[in-house]
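To find a chain, count down the sequence lines: A is the first, B the second, and so on, and within it residues start at 1. Remember, it's a predicted structure, so these values are computed and weren't measured experimentally. All values below were derived from every heavy atom in this structure, side-chain atoms included, with hydrogens, water molecules and symmetry-related copies excluded.
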Amino acid sequence: MKEYNPHEIEPRWQKVWEETQANKVNEDASKPKKYVLEMFPYPSGDIHMGHVRNYTIGDVIARYSKMQGFDVLHPMGWDAFGLPAENAAIKHNSHPATWTYNNIETQKASFKRMGFSYDWDRTVVACDPEYYRWGQWIFLQFWKRGLVERRNSPVNWCPNCKTVLANEQVTEGECWRCHGAVEKRDLTQWYFKITDYAQELLDDLDQLEGWPERVKQMQANWIGRSEGAEVDFILCDKEGNAPENPSEDDIITVFTTRADTLFGCSFFVLAPEYEGVADLVAGTDFEKDVMGLVEASAKVSAVERAQGDHEKHGAFTGRYVINPVNGEKVPIWVADYVVADYGTGAVMAVPCGDQRDFEFARKYDLPIIPIILGKDDPLFAELDGVSDRKVVQVDWENAYDAEGILVQSGKYTGLVGGKHSEGEAAIVADLEASGRGRRKVEYRLRDWLISRQRYWGNPIPAIYCDHCGLVPVPEEDLPVMLPKDIDLAAGETLATHEEFSKCTCPKCGAPAHRETDTMDTFTCSSWYYLRYTDPHNTELPFDPEKANRWMPVDQYIGGIEHAILHLLYSRFFTKVFRDMGMLTYDEPFSNLLCQGMVKDENGETMSKSKGNVIAPEDMIAEYGADAVRAYILFMAPPDKDLLWDEGGLAGIYKFMNRVWRIVYDLAGQADENTLFQKDASEKEIEKAFKTLVRERHRVVGKVIEDFDRNNFNTAIAAIMELANAASDYLHKASADMRKADATKTAFDAELATVLVELLAPIAPHWAEELWTTVLGHEGSVHEQPWPDFDPEKAKDDEVELAVQVNGKVKARITVAADAAEEAIREQALEAVAGATDGKTIAKVIVIPGRLVNIVAK
RNA sequence: GCCGGAGUGGCGGAACGGCAGACGCGGCGGUCUCAAAAACCGUUGUCGAAAGACGUGCGGGUUCAAAUCCCGCCUCCGGCACCA
């Protein structure tokens, strides 16, 4: 017998697979397709255990699917544009491309050492002009469809990364990449109008049955749909008089979900960034205070805003608006607790029903008028049914924001108030009738800011011409090539790179200059899965026919950190391609698996600074790739965090060795006494054999069930049970004894085959070696059909049942598998006669194959 | 604050409402060995000598039967957050 030596067999088989193009995609239309995809990596150095986990899961699914008879697409590529490459280039005085391509080679070599079954002919590298030209093409199509906008607005600016960021890339006021504090700036930038798809992106979450609930929830929260109404307030002049014939300029509109509380509006608030604040107070006594507040709040960083204690600051403008429901004059304040870019940036304040307004009213001593009360409120008896204003101040601790009864609310008094209440509906209906309000749905989702002031990205294909204005680069001129000669260390940028920025206007031919911003790297990752379906196309980003055959991705695997970012953007791109007629699907990823993190033995995240990183290469060097793969699948369900435990890895390595010896023994090639220990009695041998045959069928069924639900840990546990049954049998029955019995000889061969096939997706090199060298089969194990099983043979002819008395197990009985209920009942009653002595049997519940419960009193 | 998810032996984790703890790690005892490693066998929830009792975060409930379903809490993890 040859010892199991992963270091010898793994490189050997990797070479063979490469030579035989074992992982090439077949494009065999006679088979059902399966697209298995793992999120492509960013090439920052070598791979870590998180990658190993992510890609092992994908590889097992891909290999298993292939054996199940699917035509499998399982590609890999690199998300290769981005800031780390640029930073590394500046640090080492080299070029981002050098760093990027070196890392790609390193990672690719590691992937091959892990035995991942990618078709390398389909590799997509995002910084390759053959790829990014299509990113530019897509940009132009979006532009044609009105989905591209260049506009000025307050944006997130990361001073550290020296670029703007999308909303999705700011977490608690920090940059997603460098974790530095983000600032607000007013800049003109490029946007993709993802908000045009807000409703559909929300609605179609329902289609995604194969997605984790938490990811769908996160996206729904991010989109943040809110139903309410816009209400128009009329602005009084500086003397406080309402205009007789108000024009559009005299209207300030608010968005509210609580129009039912309009009668409790005791002040009105504008965000400091609200356009026109300066005009409101220009030349008045209030100008100084108000503009001071505006300046002060502009200085507050996004981090402070996000993490601060939310102390509210405000200033009165000296101006008033008219409340449309009761004609009341309401003072206008400017306050930093109003979000400028949500709704209209102006809100009606109802301190009795909104905690923020309440706190503000307390601080600045503004009226808190009770207009909605719970029935158990002490004030309710006094105000129930009172429609005119009677009480104008309360001494509550907090606002009342639950459902209640409207009081002091004119004709609406007595109606139920609250979100989506009858009171709200009645008031909005009247506002609509009088033209002072309208139904409105707001979203938290903002348009996607896609321009970046960085070099290492995909150039935005746009030209500025003094005569023609903003002009798209004609499609035939694509790609706009990123210039190679750039001295980043010396501070050169695309904007200062004259050769790049200078051009002629495609419309009029006059001298013009290019846009020098590049696109967010997330634009690259929003469609790479489509390029894989047709990676060498030179006419289009992909052939719709090919994409429609392979799409949607049947199983997508990646980290939870993309729950919003990449997964939302990709859904958006897919919907646009569908509307362009290039895709027939609404959603790109049918099933999503978010793998848990790999942590150290204390549950801490692995990081270089903590010095607790386990390098995949070290583990491969010690135990081989197959053991690492099996270990990572076995130690935890895929969506849970995995705590690294080398003892567990050693255990799996032991298991691989054990099955290795079992297969040798079953193949009749074991050394003397490898497993065999003693001739057991014929009865014992027959029993062990019967059990083993049963296990062979049961376990194959169980592994299929588990693989189909991505329960790799229990699938491996089941294979271990089969190995245990085989081991028990082989200890008892000698090779000679088995050879003398044709049934047993045949079963030995069958079992060896099944064991190797079951483990093939998990330990591909191990399986291939045993398949060819030991079992002597032709071809690759990975080309074999998945083993079959007979559920009938998985059943025992006798079963043990637990016998309970009042739910407590008191005895066990063995009955024939097909025993009649009446017979089981009798046997059970007899078995627990002692425990039921002197009691009345009230009921006997027989659950065939499981237990008997006797209710005795 | 709002929205998700999770709490099971010493540890990782199993359990269509039906024998809690599969499988593995670790521990203990043994076989082999001069010895050790490897390999193999047995054992291992807690208390108890045993019979037995108790056990799935806490408190209730439904059920013949609850880790699982319902109600009310606690703790931890994740997301969002001054979004009107």
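Separating the NZ atom of A:Lys808 from the C1' atom of B:rC19 is a distance of 13 Å, rounded to the nearest angstrom. Straight-line distance from the CD atom of A:Glu601 to the P atom of B:rG10: 20 Å, rounded to whole Å. In this structure, A:Met720 places its CE atom 14 Å from P of B:rA22, rounding to the nearest Å. For the pair A:Phe655 CZ and B:rC40 P, the interatomic distance rounds to 12 Å; values are reported in whole Å. Note: NZ (A:Lys702) to P (B:rC23) measures 12 Å, nearest angstrom. For A:Leu649 and B:rG24, the CG to C1' distance is 12 Å, given to the nearest whole Å. We find that NZ of A:Lys732 is positioned 16 Å from P of B:rC40, with the value rounded to whole Å. When rounded to the nearest whole Å, the span between NZ of A:Lys419 and P of B:rC2 equals 12 Å.
One C1' atom belongs to B:rA65, the other to B:rG18, and the distance between them is 7 Å to the nearest Å. Going from the C1' atom of B:rC70 to that of B:rU63 covers 12 Å, rounded to whole Å. Comparing B:rG9 with B:rG45, their P atoms sit 13 Å apart, to the nearest whole Å. Nucleotides B:rC58 and B:rG7 place their C1' atoms 12 Å apart, quoted to the nearest Å. For the C1' atoms, the distance linking B:rG27 with B:rG12 amounts to 16 Å, nearest Å. To the nearest whole angstrom, the two P atoms, one in B:rU33 and one in B:rA49, are 38 Å apart. Going from the C1' atom of B:rC77 to that of B:rG72 covers 22 Å, rounded to whole Å. Nucleotides B:rG17 and B:rC76 place their C1' atoms 27 Å apart, quoted to the nearest Å.
Taking the centre of each ring, A:Tyr631 and A:Trp644 come in below the 6.0 Å mark. Aromatic pair A:Tyr664/A:Trp660: ring centres closer than 6.0 Å.
Using a 4.0 Å cut-off, some side-chain N or O of A:Tyr342 falls inside it from OP1 or OP2 of B:rA84. Look at A:Asn713 and you won't find any side-chain N or O under 4.0 angstrom from OP1 or OP2 of B:rA22. Under 4.0 angstrom from either OP1 or OP2 of B:rC16 there lies no side-chain N or O belonging to A:Arg850. Residue A:Ser226 places at least one side-chain N or O closer than 4.0 Å to OP1 or OP2 of B:rA84.
In this structure the side chain of A:Lys702 never reaches within 4.5 angstrom of the side chain of A:Glu721, judged on heavy atoms. Using a 4.5 Å cut-off on side-chain heavy atoms (C-beta onward), A:Ile854 and A:Arg825 make no contact. Residues A:Ile372 and A:Arg258 have side chains in contact (heavy-atom distance under 4.5 Å, counting atoms from C-beta outward).
Of the candidates B:rA84, B:rC41, B:rA14, B:rA84 carries the atom nearest the A:Tyr337 side chain, counting heavy atoms from C-beta on. The nucleotide whose nearest atom lies closest to any side-chain atom of A:Thr714 is, among B:rA14, B:rA84, B:rC19, B:rA14. Between B:rG4, B:rC80, B:rC40, one nucleotide has an atom nearer to the side chain of A:Trp222 than all others, and that is B:rC80. Closest to the A:Glu721 side chain, of the nucleotides B:rC25, B:rC80, B:rC23, is B:rC23.
Residue-level contact check: A:Gly651 touches the backbone only, with heavy atoms under 4.0 Å from sugar-phosphate atoms and none from bases. Residue contacts for A:Arg225: at a heavy-atom cut-off of 4.0 Å it reaches no nucleic acid atom on any strand shown. Nucleic acid contact class of A:Lys312 (heavy atoms, under 4.0 Å, all strands): base. At the heavy-atom level, A:Glu800 lies under 4.0 Å from base atoms of the strands shown.
Between A:Asp728 and A:Val215, the residue whose closest nucleotide on RNA chain B is further toward the 5' end is A:Val215. Of the two residues contacting RNA chain B, namely A:Arg658 and A:Gln217, the nearest-nucleotide position lying further toward the 5' end is that of A:Gln217.
Of the residues in residues 631-640 of chain A, those lying under 4.0 Å from RNA chain B by heavy-atom distance are A:Phe634, A:Met635, A:Pro637.
Inspection of the A:Tyr623 and A:Glu646 side chains reveals an N or O donor paired with an N or O acceptor under 3.5 Å. A donor-acceptor pair shorter than 3.5 Å cannot be found between the side chains of A:Asp401 and A:Gln355.
B:rC58: Watson-Crick or G-U partner is B:rG72, with both key distances under 3.5 Å. Pairing for B:rG4 goes to B:rC77, judged as Watson-Crick or G-U wobble with the two contacts each under 3.5 Å. For B:rC19, there is no paired nucleotide, since no Watson-Crick or G-U wobble pair has both relevant distances below 3.5 Å. Taking a pair to require two hydrogen-bonding distances under 3.5 Å in either a Watson-Crick or a G-U wobble arrangement, B:rU46 pairs with B:rA53. Across the strands present, B:rU33 finds no partner; the criterion is a Watson-Crick or G-U wobble pair with both atom distances under 3.5 angstrom. Under the Watson-Crick and G-U wobble criteria, each requiring two contacts below 3.5 Å, nucleotide B:rG9 is left unpaired.
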Subject >> Annotated protein contacts, base or backbone, on nucleotides 59-70 of chain B with a non-hydrogen cut-off under 4.0 Å, one of B, S, - each >> reply: -----BS-----
Check the interface with nucleotides 73-79 of chain B: list each N/O to N/O pair with the protein under 3.5 Å, or write none.
none

**OP:** Would you please test A:Asn724 and A:Arg658 for side chain to side chain donor-acceptor pair (under 3.5 Å) and show each step?
**Re:** CA-CA 10 Å; A:Asn724 289 344; A:Arg658 194 152 167 251; 2.9 Å; yes
Subject >> Full working for ring-ring contact (aromatic ring centres under 6.0 Å, His included) between A:Phe268 and A:Trp333 >> reply: CA-CA 6 Å; A:Phe268 192 92; A:Trp333 286 63; over 10 Å; no
Enumerate donor-acceptor pairs with a distance under 3.5 Å from any side-chain N or O in residues 634-641 of chain A to protein atoms, sequence neighbours excluded.
unit_1, atom_1, unit_2, atom_2, d
A:Asp641, OD1, A:Met597, N, 2.8
A:Asp641, OD2, A:Lys599, NZ, 3.4

Taking distance alone, no hydrogens or angles, what donor-acceptor pairs closer than 3.5 Å link side-chain atoms of residues 650-657 of chain A to residues at least two apart or in another chain?
unit_1, atom_1, unit_2, atom_2, d
A:Asn657, ND2, A:Tyr653, O, 3.2

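Shown here are the side chain to side chain donor-acceptor pair (under 3.5 Å) partners of A:Asp728, two or more places apart in sequence or in another chain: A:Lys732.
Shown here is A:Arg225, whose CZ atom has more than 12 heavy atoms of other residues, nucleotides or ligands within 6.0 Å.
A pairwise comparison of heavy atoms in A:Leu755 and A:Leu722 identifies CD2-CD2, 3.8 Å as the closest pair. Nearest heavy-atom pair, A:Leu431 versus A:Val231, reported as atom, atom and distance to 0.1 Å: CD1-CG2, 3.8 Å.
In this entry the base of B:rG5 is anti relative to its sugar, with a glycosidic angle more than 90° from 0.
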